[in-house]
> 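So that we are looking at the same thing, I have put the structure below in structure tokens.
Each ligand, and each atom within it, is numbered from 1 in the order the structure gives. Just so you know, these numbers come straight off a predicted model, no measurement behind them.
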Amino acid sequence: MSGAPTAESVRDGYARYLMPTYAPSRTLVRGEGVRVWDVEGKEYLDFAAGVAVNTLGHAHPALRQALADQAGVLIHVSNLYAHPWQPKLAEAIVRHAGPGKCFFCNSGAEANEGLIKLARLWGHAEGRYEVISFTGSFHGRTLATLTATAQTKIQKGFDPLPEGFRYAEFNDLESARAAVTDKTVAVLVEAIQGEGGVRPADPAFLRGLRALCDERRLLLMFDEIQAGIGRTGEWFGWQHAGVRPDAFSMAKGLGGGVPIGGIWAAPAIADTFQPGNHATTFGGTPLACAAALAVIHTVEADDLVANARERGRQLREGLQSLAADVEAIECARGLGLLSGLVLGEPAAPLAAALADRGLLAIPTAGNVVRFVPPLTVTSNQIQQALDIVSAACAAVWPKSGRTA
Ligand SMILES: *Cc1c(COP(=O)(O)O)cnc(C)c1O
């Protein structure tokens, strides 16, 4: 590609040089705060936020500064050497998650692999290795994590799948109880299923899982990759239910767009991995840790967890009132700034109509449009987004009777 990129030249480049794993719809070239611009200069409100990744929006001054400063000091040293930023970041996570220890890696799937390996190593002497996960879950695309992901469409074609995974019905405690065998070592659950259609776990279900895990000596492990770092209006999704995990994974929102994943484990199991058991070259680089520290400090200083709670409520109230008017909308649901508009039909046409009108949102689970704006989103921007949703609904369902 030579000269200034155009939508067409970028599309050609993808077709020619990139494996066709994705079908990207728009070509984005710049962002600032909650806004992004495409290659044709069209402006969008970014309620996709890199799939719930850009916690502080685009080009946030604190994150820019932290990256620029850190790049001039130390980017990477490997884990053969200590550096100050990993313990600082782990301490910041412990501040919000409670006492425990962390391990850092590079992505969500890798974090969940870490949880699964931790559980297997912990149960190894007793011959326990099975992990129970739930229908509608999403845990990643590596072989172990796609097996934990209880969705055949994600597993299809990749068999034989690794052994040691069992499935239970989400939000059905009896089903989880029935899945436990004498080989079971852990339960892996999302406090709110993001990819699975923005489905919150029932707090009573999570408390029941905690009791089940205590009774059968299983580890209760949360996948906080999408929900964690304030998005749901608590630092971590499990805090809504008042349960304590034995371990959890995080990734998406942690680095504000800089790749980093991690796991946290409670003190009783925090020393399960010993030197030689688990490692990754890029895990917790000075650069990634500096980025995550800037994200966490900004979320703390600007009280963005409270903003996520309040702006999320505003968004869902607005979406819910649309649901009263538009027949195709079943309901709005979610926690904090992880919200879904549930339709009685496929979500892709509405998501496309939103983008045409300048609002990026993500169709998921077939019939849900997911809204995951940066935690910095303002009440004005929520209102603008609601106006766009309303206009797009009127365009997609022109005859759907306004009841008033
Ligand atoms: C995105 C996601 C993952 C996978 O993370 P990657 O960084 O894409 O590997 C796992 N679990 C949940 C809940 C996610 O939302």
> Can you list the ligand 1 atoms lying under 4.0 Å from a non-hydrogen atom of Glu190?
13 (C)
> Hydrogens and angles aside, do Gln239 and His96 bring a side-chain donor and acceptor to less than 3.5 Å of each other?
no
> Can you tell me which residue and heavy atom of the protein come closest to atom 7 (O) of ligand 1, and the distance to 0.1 Å?
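Nearest protein contact, heavy atoms only, for atom 7 (O) of ligand 1 is Gly108 N, 2.8 Å.
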> Does the Lys NZ or Arg CZ of Lys42 fall within the cation-pi geometry relative to Tyr44 - under 6.0 Å from the ring centre and within 45° of the axis?
yes
> Any idea which atoms of ligand 1 are less than 4.0 Å away from a heavy-atom of Asn112?
10 (C), 11 (N)
> Would you check if there is a donor-acceptor pair between the side chains of Ser249 and Asn112 at a distance under 3.5 Å?
yes
> For atom 9 (O) of ligand 1, which of Pro259, Ala109, Gly261, Ala148 has the closest heavy atom?
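Nearest option to atom 9 (O) of ligand 1, by heavy atoms: Ala109.
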> Do Phe138 and ligand 1 have an N or O pair less than 3.5 Å apart?
yes
> Any protein heavy atom under 4.0 Å from atom 5 (O) of ligand 1?
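Yes, at least one protein heavy atom sits under 4.0 Å from atom 5 (O) of ligand 1.
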> Among all protein heavy atoms, pick the one closest to atom 11 (N) of ligand 1 and tell me residue, atom and distance.
Asp223 OD2, 2.7 Å
> To check your reading of the model: name the closest protein heavy atom to atom 14 (C) of ligand 1, its residue, and the distance in Å.
Lys252 NZ, 2.9 Å
> Considering only heavy atoms from C-beta outward, does the side chain of Phe273 approach that of Leu121 to under 4.5 Å?
yes
> Would Gln226 count as being in polar contact with ligand 1, using the rule that some N or O on each side must be under 3.5 angstrom apart?
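For ligand 1, there is an N or O atom that lies under 3.5 Å from one belonging to Gln226.
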> Kindly check if the number of other-residue, nucleotide or ligand heavy atoms within 6.0 Å of CD (Glu91) is above 12?
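Open.
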> Is the ring centre of Phe248 less than 6.0 Å from the ring centre of Trp238?
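Between Trp238 and Phe248, which both carry aromatic rings, the centre distance is below 6.0 Å.
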> Classify the ring geometry between His278 and Phe103 as parallel (under 30°), tilted (30 to 60°) or perpendicular (over 60°).
tilted
